[in-house]
Number of protein chains: 2
Amino acid sequence: MTDSVAPTSKLPEPGEERRNLPLAPTDEPHQLRADAARNRTLLLDAASRLLSGCGAADLTMESVAAAAGVGKGTVFRRFGDRAGLLIALLDHREKQLQAAFLSGPPPLGPGASAAERLHAFGPAVLRHERDQHALILASRTDPLRNYAVPALHLRINHIAMLLRQANATGDPELLAHTLLGFIDTALVHHLTVERGMPLERLEEAWHHLVTRLGATA
Amino acid sequence: MTDSVAPTSKLPEPGEERRNLPLAPTDEPHQLRADAARNRTLLLDAASRLLSGCGAADLTMESVAAAAGVGKGTVFRRFGDRAGLLIALLDHREKQLQAAFLSGPPPLGPGASAAERLHAFGPAVLRHERDQHALILASRTDPLRNYAVPALHLRINHIAMLLRQANATGDPELLAHTLLGFIDTALVHHLTVERGMPLERLEEAWHHLVTRLGATA
DNA sequence: AGAATAAGTGGACCGTGGTCCGTTTAGGTG
DNA sequence: CACCTAAACGGACCACGGTCCACTTATTCT
């Protein structure tokens with residue numbers, strides 16, 4: 001679980017909502033000092049451990065700090081804020097999914113046609129997110145923050161690329177946003193859990209969408 | 001400026017359903033006691049006034065209570081939490097938009113074809129939300145909360161209805177979610193403000209989407 | 001009218017996220 | 001090795017959202 005994460009971002013206060021962050025491209029690739037790196041994994045481990053014993057909502061920054069044997073200030077210095085910590089936690093698990101659609105076997109990975117890969121993408125994400133929904137939802141404090149998460153960019157670019165390969169009509173980037181919006185954790189959770197909609201219905205709708213939007217003119 | 005807010009409101013909601021969440025504060029129109037109703041408008045007015053003097057992020061519950069001349073507990077009793085207050089504030093302004101697409105003049109309102117109304121809907125919402133984005137984003141603390149807001153249900157049902165009228169293929173409700181997802185405030189703000197995308201590009205993409213998804217089989 | 005009761009009120013109180021700043025330490029340099 | 005600097009640390013501290021509960025008041029009932 002030694003993966004990188006944004007060290008922090010300036011926390012704005014005066015104006016109003018978040019400014020246009022320079023969009024931390026790759027996470028914190030800046031090599032940390034030895035003790036800092038050690039504490040970082042200590043913290044992530046502690047958080048992960050605590051998380052398996054209580055809901056994400058009950059995870060307090062102080063308890064994580066204590067469990068890791070460091071001061072509270074250290075947690076904030078490293079992860080910026082609570083959401084930052086949770087996102088760092090998610091980032092690690094996300095990598096497995098990324099590997100699957102970037103370089104895994106068809107139909108998700110290369111080797112299948114663009115259309116096939118698009119069709120396979122929805123269900124794959126749907127299932128992946130279902131397992132992580134508690135963490136993901138807990139990490140969404142600021143609605144704009146999502147768009148700063150590198151993992152999302154990767155998905156957008158991936159889908160946009162597949163759409164181009166499939167010769168879809170329209171704006172690939174915006175179509176990608178549309179498709180990803182449909183399998184967004186919050187929406188999916190609302191529909192399946194709160195509204196009791198079967199997952200199959202969502203998957204079917206996904207295929208319909210892909211067929212409609214990804215079709216060649 | 002300080003707009004006096006309707007004390008309360010029950011909007012006729014077609015297809016009212018689920019209720020497994022701790023009752024959204026906005027939909028408790030069940031007649032309040034006289035003093036409570038008075039304090040409610042006092043609070044909304046105070047909040048609105050304070051908001052025009054500072055960003056939504058700086059609005060504290062205590063300051064609203066003080067400005068309205070009531071205790072802090074009263075604010076929470078009435079609106080549940082901070083998001084509830086902000087949503088109540090938005091709800092009032094939202095009604096104008098609702099009137100426009102429910103009973104206003106074509107092409108947004110009845111009188112135009114379903115397809116025309118769908119095409120007109122996107123730009124209308126896009127503009128409406130642009131004005132309110134600060135408040136809207138500030139009210140989005142809990143990602144699932146959005147789906148409990150009555151205004152969203154109204155939009156969903158409206159779009160789904162238009163899609164049916166237009167004989168669109170696929171699942172009308174899920175298509176409605178897809179379309180609305182594309183014009184979600186957070187996404188639009190991200191694309192236009194943080195990414196500098198011109199609004200026209202979004203509108204164009206909207207028309208493309210509607211054409212693609214709303215088309216008769 | 002007065003009694004009964006449900007609804008509303010306010011502010012002390014608490015927990016947690018987030019900040020601040022004086023202190024400590026890693027690790028490079030001569 | 002001694003020294004120096006930037007990075008990291010920790011925990012006191014603060015502000016704000018949210019809860020609680022003893023008290024007040026509107027409304028209904030007889």
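In what follows, chains carry the letters A, B, and so on, assigned in the order in which the sequence lines appear, proteins first and then strands, with residues in each chain numbered from 1. Because the structure is predicted, anything quoted here is derived from the model rather than measured.
We find that CG of Leu86(A) is positioned 10 Å from P of dG17(C), with the value rounded to whole Å. Atom CZ in Arg77(B) sits roughly 10 Å away from atom C1' in dA6(C) (whole-Å rounding). Whole-Å rounding puts the Leu42(A) CG to dA8(D) P distance at 16 Å.
Legend: residues meeting salt bridge (charged side-chain N to carboxylate O under 4.0 Å, His left out) with Glu203(B), ordered by chain and number and at least two apart, are Arg127(B). The ring-ring contact (aromatic ring centres under 6.0 Å, His included) check on His208(B) picks up nothing, with sequence neighbours excluded. Listed by chain and number, the residues in a side chain to side chain donor-acceptor pair (under 3.5 Å) with His158(B) amount to none (sequence neighbours excluded). In this structure Thr185(B) satisfies the side chain to side chain donor-acceptor pair (under 3.5 Å) test together with Glu129(B), sequence neighbours excluded. Scanning for side chain to side chain donor-acceptor pair (under 3.5 Å) contacts around Glu204(B) gives an empty result, with sequence neighbours left out.
Ranking dT9(C), dG10(D), dA8(D) by closeness to the Arg78(A) side chain, first place goes to dA8(D).
Among residues at least two apart or in separate chains, side chain to side chain donor-acceptor pair (under 3.5 Å) pairs with a member in residues 62-74 of chain A are Thr60(A)-Ser63(A). The list of salt bridge (charged side-chain N to carboxylate O under 4.0 Å, His left out) pairs with a residue in residues 180-190 of chain B, not counting sequence neighbours, reads Arg140(B)-Asp184(B).
End-to-end axis angle for the helix from dA1(C)-dT30(D) to dG30(C)-dC1(D), using five pairs per end and rounding to 10°, comes out at 10°.
For dG10(D), the OP1/OP2 oxygens have a side-chain nitrogen or oxygen of Thr74(A) closer than 4.0 Å. Considering only side-chain N and O atoms, Asn39(A) lies under 4.0 angstrom from the phosphate OP1 or OP2 of dC9(D).
Ionic pairing of Lys95(B) and Asp91(B) is present here: one or more N-O contacts between side-chain nitrogen and carboxylate oxygen are shorter than 4.0 angstrom.
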- Under a 4.0 Å heavy-atom criterion, the protein footprint on nucleotides 17-30 of chain D, written with B, S and -, is BBB-----BSS---

